[in-house]
Amino acid sequence: MLRLRPFLNVGRLHRGYASVAGPHALVLLEHRAGVIESGSLSALTAAQQLGGQVTGLVVGAPDQVKGVVEKAKKLKGLSTVLHASSEQYAHSIPEVVSPLLEKLLADNTPYTHVVSAHSSDAKSLLPRVAARLDLPAVSDITSLEHDGASNATTFTRPIYAGNAIATVRAPPSVRVKFFTVRSTAFKASAADEGAPAAEDKAVEPVEVSNPPTQHVRTDLTKSDRPDLGSASRVVSGGRALKNAETFKATLEPLADVLGAAIGASRAAVDAGYADNSLQVGQTGKVVAPELYMAIGISGAIQHLAGMKDSKLIVAINKDPEAPIFQVADVGLVADLYEAVPELVEKLKKQA
Amino acid sequence: MRPSAVRLLNILVPVKRTVDYAVKIRVNPDQKGIDLNVKHSMNPFDEIAVEEAVRLRERLKDEVKSIKVVTIGPPKAAETLRTALAIGADSGIHIEVPESAPAPEPLGVAKALRAVIEREKEGVDLVIMGKQAIDDDAGQTGQMLAGLMDWAQATFASKLVVDPKKKEADVTREIDGGLQEIKCRLPLVVTTDLRLIFPPEPRYASLPNIMKAKKKPIQKLTPADLGVELTPILESVKVTEPPKRVGGGKVENVDQLIAKLKEAGITPVKS
């Protein structure tokens with residue numbers, strides 16, 4: 001049964017000109033271990049702000065897709081969930097997934113926008129698809145505005161490591177507008193348990209014979225901690241943490257007592273104190289938690305790019321001139337090897 | 001038994017001249033852009049790409065036939081090519097555009113690179129380029145080029161092992177949450193992540209290499225020569241400053257720090 005949905009967030013955008021259809025966004029819903037990625041839920045929120053219909057797309061191996069589709073159908077604001085299953089889709093190999101998207105977005109496609117999180121998989125895939133369709137793409141947007149009358153979409157996005165904000169307009173001549181979304185800029189959509197579920201529709205996979213790229217292995221850092229990209233609190237360490245053991249031994253108790261994720265500066269990752277997946281910065285993860293504690297981090301521009309939108313920034317560093325103090329809301333000039341254990345002990349007593 | 005002909009690698013490294021990473025960025029009051037009267041350098045990720053190409057030659061020796069670098073930019077961009085030549089590339093291609101031209105966008109750059117590849121009589125087996133330019137932070141060009149060429153792609157590479165005899169490469173990539181290893185057939189587009197060259201080396205070229213670089217050929221082309229249109233499709237409306245973040249005060253001890261946390265509603269979790 002078709003789900004009847006009034007257009008959301010229409011306001012001044014949809015004037016009902018007979019010739020101009022409203023936007024229809026296709027949102028890539030990425031998933032891992034049966035769970036929809038939080039970044040995709042932010043992408044969904046952004047897609048809804050276009051002011052038209054939103055269709056979700058789930059791609060994966062047959063045993064992955066079913067469970068994810070059931071969850072996706074409950075998401076607020078989705079009218080349809082498309083899904084394509086194939087063993088070829090088990091790992092997000094762009095050369096293998098692109099033909100499916102090209103087929104969905106061919107000349108007579110109903111979709112006007114293609115949206116995803118700015119994740120490593122999606123940003124490897126979307127530009128490839130866009131180029132094959134002779135279309136540009138906009139990366140890592142922080143806001144958008146769609147003008148239904150002119151069919152142009154305007155975005156803001158950070159440039160120069162976030163030291164400037166570019167406002168770019170995709171004119172009506174761009175028949176499908178591709179964009180990836182900075183997840184810290186859009187609240188993750190949630191399930192709407194009360195509403196009727198979206199309809200789901202299977203799409204034939206486009207099998208690629210003899211793909212040029214094969215997946216060999218994926219090694220993900222295992223952790224019981226909150227995921228760095230979506231945690232509300234982050235404790236982050238820099239070069240001053242001496243070595244991997246000291247990094248762990250110093251920061252883990254603090255992260256534990258605060259229920260925080262752990263992050264690291266580029267210097268700490270380069271020095272081997274922490275895994276690359278923990279790097280916060282211009283080319284690492286961008287985070288915007290309620291609390292960001294920078295421990296022994298000097299505050300290079302490239303690091304700030306990854307955390308300066310955090311709500312409360314706390315810095316502990318023994319150098320009073322460290323640039324981090326220029327953005328920290330609370331700064332403590334101290335030896336972190338004294339301050340952090342003291343902080344942990346006192347916080348534990350409060351708990 | 002006669003050995004089969006070994007395909008020698010022709011490597012292409014696109015490089016971009018950008019504002020130097022250490023420059024303090026100032027947004028112009030007219031909101032049309034940033035102050036560009038500042039130091040420029042090769043995009044750091046492209047430096048990594050050039051260095052990796054040179055190291056591939058050190059590892060594979062005669063199996064690397066050529067390393068060509070290409071850039072799109074105003075006359076000054078030739079300096080960036082000379083730097084790449086001094087690091088060890090063999091020749092350069094300068095697609096010259098006027099200083100006043102709007103910056104090309106990734107789709108346009110990818111089309112220009114496709115045209116360059118198609119003109120190469122000996123072909124191109126491997127493109128190594130930065131994963132993003134530190135000015136626009138778009139991070140799309142490599143993927144777009146691979147898409148246009150219908151080639152394999154390996155983005156955010158932190159390790160690259162090429163086997164010219166098998167015409168394939170093993171690439172380790174930095175992905176969200178960890179590392180991934182893939183096997184790609186050549187021809188291939190690789191985009192570099194920070195740790196592909198590790199430990200990071202200071203970028204300097206020896207005086208003999210700089211002198212040698214002056215003699216290496218740079219071919220000049222225009223976008224028209226390549227049959228490409230570089231005017232961007234996406235319109236730049238304005239460039240503005242981000243919300244200013246002003247530092248708060250310093251506290252004197254841990255107790256005061258805890259008090260500030262409490263004020264902000266940050267309390268410890270029950271273990």
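Per chain, numbering begins at 1; letters A, B, ... match sequence-line order.
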Report task. Let me see the working for D20(B) and K39(B) under salt bridge (Lys or Arg N to Asp or Glu O under 4.0 Å), right down to the final yes or no. Result -> CA-CA 6 Å; D20(B) 185 84; K39(B) 180 177 179 207; 3.8 Å; yes
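Listed options V168(A), T283(A), L312(A), I301(A) were ranked by heavy-atom pairs under 4.5 angstrom with chain B; first place goes to T283(A). Ranked by heavy-atom pairs shorter than 4.5 Å toward chain A, the options M144(B), K260(B), R245(B) are led by R245(B). With chain B as the partner, the residue from A131(A), A315(A), P212(A) showing the most heavy-atom pairs under 4.5 Å is P212(A). Interface check for chain B: of the options N210(A), D140(A), V333(A), D227(A), the most heavy-atom pairs under 4.5 Å are formed by N210(A). Among E241(B), K131(B), E252(B), E105(B), the residue with the largest count of heavy-atom pairs under 4.5 Å with chain A is K131(B). Top candidate by heavy-atom pairs under 4.5 Å with chain A, chosen from V171(B), T155(B), D136(B), is D136(B). By number of non-hydrogen pairs under 4.5 angstrom with chain A, the leading residue of Q143(B), K183(B), E181(B) is E181(B). Interface remark: of the candidates L347(A), D270(A), L343(A), D270(A) forms the most heavy-atom pairs closer than 4.5 Å to chain B. By number of non-hydrogen pairs under 4.5 angstrom with chain B, the leading residue of L228(A), V138(A), V257(A), T156(A) is V257(A). When the candidates D150(B), L148(B), D193(B), T18(B) are compared by the number of heavy-atom contacts under 4.5 Å with chain A, D150(B) comes out ahead. For chain A, the option among V239(B), L179(B), I233(B), T267(B) with the highest count of heavy-atom pairs below 4.5 Å is L179(B). Among D256(A), V216(A), I159(A), T218(A), the residue making the largest number of heavy-atom pairs under 4.5 Å with chain B is V216(A).
Residue contact with chain A, scored on non-hydrogen atoms closer than 4.5 Å, is absent for K24(B). In this structure, chain A has heavy atoms under 4.5 Å from both the backbone and the side chain of I182(B). Proximity to chain A (any heavy atom under 4.5 Å) is restricted, for R173(B), to the side chain, taken from C-beta onward. E338(A) does not touch chain B: none of its heavy atoms, backbone or side chain, sits under 4.5 Å away. Of the two parts of K244(B), neither the backbone nor the side chain holds a non-hydrogen atom closer than 4.5 Å to a non-hydrogen atom of chain A. Residue E174(B) touches chain A through both its backbone and its side chain, counting heavy-atom pairs closer than 4.5 Å. Contact annotation for F45(B): only side-chain heavy atoms (C-beta onward) come within less than 4.5 Å of a heavy atom of chain A. Interface residue P94(A): only side-chain heavy atoms are found under 4.5 Å from chain B. Contact annotation for A264(B): only side-chain heavy atoms (C-beta onward) come within less than 4.5 Å of a heavy atom of chain A. Looking at I313(A), the atoms closer than 4.5 Å to chain B (heavy atoms on both sides) sit in the backbone and in the side chain alike. Residue P106(B) does not touch chain A at all, counting heavy-atom pairs closer than 4.5 Å. Proximity to chain A is limited to the side chain of Q132(B), based on heavy atoms less than 4.5 angstrom apart. Of the atoms belonging to V330(A), heavy atoms from both backbone and side chain fall under 4.5 Å from chain B.
With respect to F156(B), the side chain to side chain contact (heavy atoms under 4.5 Å, CB included) criterion is satisfied by exactly one of V190(B), D176(B), T191(B), T172(B): T191(B).
Ring pair H91(A)/H215(A) is parallel by interplanar angle, where below 30° counts as parallel and above 60° as perpendicular.
For the pair R185(B) and E168(B), the salt-bridge criterion is not met [side-chain N within less than 4.0 Å of a carboxylate O].
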